[in-house]
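Shown next, in structure tokens, is the structure this report addresses.
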Amino acid sequence: MSKQFDLAVIGAGAAGLMCAAVAGQRGKRVVLIDHATRLAEKIRISGGGRCNFTNLHATPANFLSENPHFCKSALSRYTPQDFLGLMKRYNIAWHEKHKGQLFCDDSAEDIIAMLKSECDRGNVEWRMGCKVDDVQAVEGDAAQFTLQTSMGSIRTEQVVIATGGLSIPKIGATDFAHKMARQFGLKIIEPRPALVPLTFDARDWEPFVPLSGISLEVDIETGEKKSRILFREDLLFTHRGLSGPGVLQISSFWEPGKPIRINLLPEIDVAQDLVGNKTTIKKNLANHLSQYLPARLVDGLLTAHGFAGDARVADMSDKRLRELGEKLNRWELIPNGSEGYRKAEVTRGGIDTRELSQQSMMANKVPGLYFIGEAVDVTGWLGGYNFQWAWASGTAAGLAAGLAA
């Protein structure tokens with residue numbers, strides 16, 4: 001016998017938990033299904049275990065999409081302040097860390113417990129460790145679905161797909177949402193890893209391998225003219241390439257085959273400093289630059305770019321000093337790829353938002369079928385924005401499902 005529900009939410013992550021709680025508290029019979037046995041692993045590991053749960057400054061401008069206006073409706077109707085209001089009711093302490101990024105004082109477990117409690121308030125039924133093998137629309141019924149699961153058959157009037165993207169497969173990420181979209185005839189924007197470290201050809205990167213572990217604040221940019229985007233964030237040298245918040249940010253915008261540009265000293269015009277003060281600088285090149293940058297970084301960069309660290313600045317030609325200035329203020333390099341989904345924090349692309357209602361997140365072609373969260377082609381910047389999209393899109397779908405007859 002099939003169990004009958006008003007709404008089945010597939011995926012018990014941030015967006016799915018939010019959606020199930022909202023619909024359940026509006027009187028709908030909701031079942032929340034997830035193939036994992038542990039709840040909301042991505043929340044649990046985020047922010048070093050303290051969950052960067054939103055960003056005070058979140059606006060639609062902080063999100064990438066082929067259809068950039070789509071996210072405006074949901075984000076305007078559920079804001080960071082709304083989520084903070086929910087946390088206040090549960091007495092969860094938080095702090096602002098950097099550029100509006102908010103973290104729990106204690107643990108990400110506080111967020112998970114809060115969302116579980118919200119679901120329980122809505123009498124949501126749980127199916128954890130439950131695999132969904134098939135979802136079918138019932139013929140002749142505009143809003144009825146049958147789900148075949150490892151825990152039996154479920155019949156429901158509405159289905160929300162909240163299974164996320166392809167990032168971090170070791171905690172259970174799958175392409176389930178994309179498969180469902182294709183099954184029901186919805187278009188997909190080609191998915192790719194985002195918020196991910198960038199890599200370089202091993203031979204080209206060899207001179208920079210000794211710099212692994214060095215971190216510093218830089219300006220990092222990619223794109224040209226109207227598509228140019230720049231972030232001032234920390235950069236981290238790794239054995240295979242570059243990481244750190246600045247690189248994760250730019251990775252979402254970087255296009256394969258195109259360069260990124262790094263200003264290692266954004267507050268100093270290096271060429272002007274070296275040429276303009278050439279006659280008064282008594283130190284050699286490495287010692288002079290080491291007042292601005294870590295000595296190990298200076299030595300490594302000078303060697304990699306073909307400059308002698310022991311050269312006297314006063315003895316160098318203006319041309320060579322300007323060349324060095326260009327390397328430090330506008331270092332251009334072309335990644336050969338990224339660390340992929342295993343290191344990516346999110347997935348860019350996904351279900352084409354032109355297939356969905358921006359008010360309800362429901363598929364235009366399939367009444368009663370919704371897609372929310374990371375499964376959708378809406379990707380936030382690093383810093384709590386993707387969780388805000390999860391809360392906002394989950395609430396939008398939960399409200400719509402809760403109002404459905």
Side-chain angles (χ1 to χ4, degrees), residues 9-19 32-49 51-53 64 108-109 111-112 115 127-135 149-150 160-183 186 188-199 236 238-245 247-249 251-252 254 256 335-352 371-382 384-387 389-390 393-394:
V9 180
I10 306 173
L17 284 163
M18 198 74 175
C19 178
L32 182 53
I33 307 165
D34 200 290
H35 66 123
T37 53
R38 273 187 105 195
L39 196 59
E41 191 66 13
K42 203 163 187 183
I43 295 178
R44 184 171 286 108
I45 67 172
S46 75
C51 189
N52 179 195
F53 58 83
L64 293 81
E109 296 287 355
I111 300 283
I112 297 171
L115 294 169
R127 298 286 188 277
M128 298 301 293
C130 178
K131 186 172 183 289
V132 178
D133 297 310
D134 189 37
V135 178
T149 83
S150 58
V160 172
I161 308 292
T163 52
L166 304 172
S167 51
I168 323 182
K170 70 179 179 183
I171 64 168
T174 73
D175 63 349
F176 182 86
H178 302 159
K179 283 180 177 175
M180 285 295 101
R182 291 189 183 99
Q183 177 183 316
L186 277 61
I188 302 281
I189 302 298
E190 187 65 33
R192 57 177 256 201
L195 301 183
V196 63
L198 296 174
T199 58
L236 173 68
T238 72
H239 284 101
R240 286 164 46 84
L242 295 171
S243 187
V247 173
L248 299 191
Q249 291 281 37
S251 71
S252 296
W254 171 70
N336 72 346
S338 76
E339 292 285 4
Y341 289 116
R342 69 189 183 90
K343 291 280 188 77
E345 296 202 8
V346 293
T347 303
R348 183 177 166 182
I351 288 86
D352 191 336
F371 291 87
I372 60 174
E374 194 184 335
V376 173
D377 175 36
V378 175
T379 306
W381 290 8
L382 182 75
Y385 298 99
N386 287 290
F387 275 125
W389 173 244
S393 61

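In what follows, every heavy atom counts, from backbone to side chain, and hydrogens, waters and symmetry copies are set aside.
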Under the 3.5 angstrom rule, does the side chain of [X] hit a backbone N or O of [Y] as a donor-acceptor pair?
X: Ser393; Y: Gly373; answer: yes
X: Arg348; Y: Ser252; answer: yes
X: Thr199; Y: Gly337; answer: yes
X: Ser243; Y: Pro197; answer: no
X: Ser251; Y: Leu195; answer: yes

**Study point:** Heavy-atom side-chain proximity of Val132 to Thr163 below 4.5 angstrom
**Key:**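 Heavy-atom side-chain distance check fails, nothing below 4.5 Å.
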
Exercise for review: Would you indicate whether the side-chain heavy atoms of Ile43 and Phe53 approach each other to under 4.5 Å?
Suggested key: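 Heavy-atom side-chain distance check fails, nothing below 4.5 Å.
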
Side-chain atoms of residues 171-179: list all donor-acceptor pairs with protein atoms under 3.5 Å, sequence neighbours left out, distances to 0.1 Å.
| unit_1 | atom_1 | unit_2 | atom_2 | d |
| --- | --- | --- | --- | --- |
| Thr174 | OG1 | Phe176 | N | 3.2 |

Residues two or more places apart in sequence or in another chain: which of them pass side chain to side chain contact (heavy atoms under 4.5 Å, CB included) with [X]?
X: Asn52; result: Gln101, Phe103
X: Thr347; result: Leu166, Ser167, Pro191, Tyr341, Glu374
X: Arg38; result: Glu41, Arg44, Glu109

Identify the heavy atoms of [X] and [Y] that sit nearest to each other, and give their distance.
X: Thr238; Y: Leu242; answer: OG1-N, 3.8 Å
X: Cys19; Y: Ile372; answer: CB-CD1, 3.8 Å
X: Pro335; Y: Leu198; answer: CG-CD1, 4.0 Å
X: Lys42; Y: Phe387; answer: O-CZ, 4.1 Å

Interatomic distance, [X] atom [atom1] to [Y] atom [atom2] [nearest 0.5 angstrom]:
X: Leu186; Y: Phe371; atom1: CG; atom2: CZ; value: 5.5 Å
X: Met128; Y: Thr37; atom1: CE; atom2: OG1; value: 7.0 Å
X: Asp34; Y: Leu17; atom1: CG; atom2: CG; value: 8.5 Å
X: Asp352; Y: Glu190; atom1: CG; atom2: CD; value: 12.5 Å
X: Met180; Y: Ile351; atom1: CE; atom2: CD1; value: 10.5 Å
X: Thr149; Y: Asp133; atom1: OG1; atom2: CG; value: 7.5 Å

Practice item. Using the side chain to side chain contact (heavy atoms under 4.5 Å, CB included) rule, take Leu115 and Leu39 through it: C-alpha gap first, then chi angles, then the decisive distance, then the call. Key: CA-CA 10 Å; Leu115 294 169; Leu39 196 59; over 6 Å; no

Point to revise | With sequence neighbours excluded, residues passing salt bridge (Lys or Arg N to Asp or Glu O under 4.0 Å) with Glu345 | key: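 Per chain and number, Glu345 pairs via salt bridge (Lys or Arg N to Asp or Glu O under 4.0 Å) with no residue.
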
Practice item. Say whether Thr379 and Asn386, considering side chains only, have a donor N or O and an acceptor N or O under 3.5 Å apart. Key: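 Side-chain D/A pair, Thr379 to Asn386: absent.
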
Check your understanding: Got a sec, which residues hit side chain to side chain donor-acceptor pair (under 3.5 Å) with Ser338, two or more places apart in sequence or on another chain?
Key ->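 Once residues adjacent in sequence are excluded, Ser338 has no partner under the side chain to side chain donor-acceptor pair (under 3.5 Å) criterion.
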
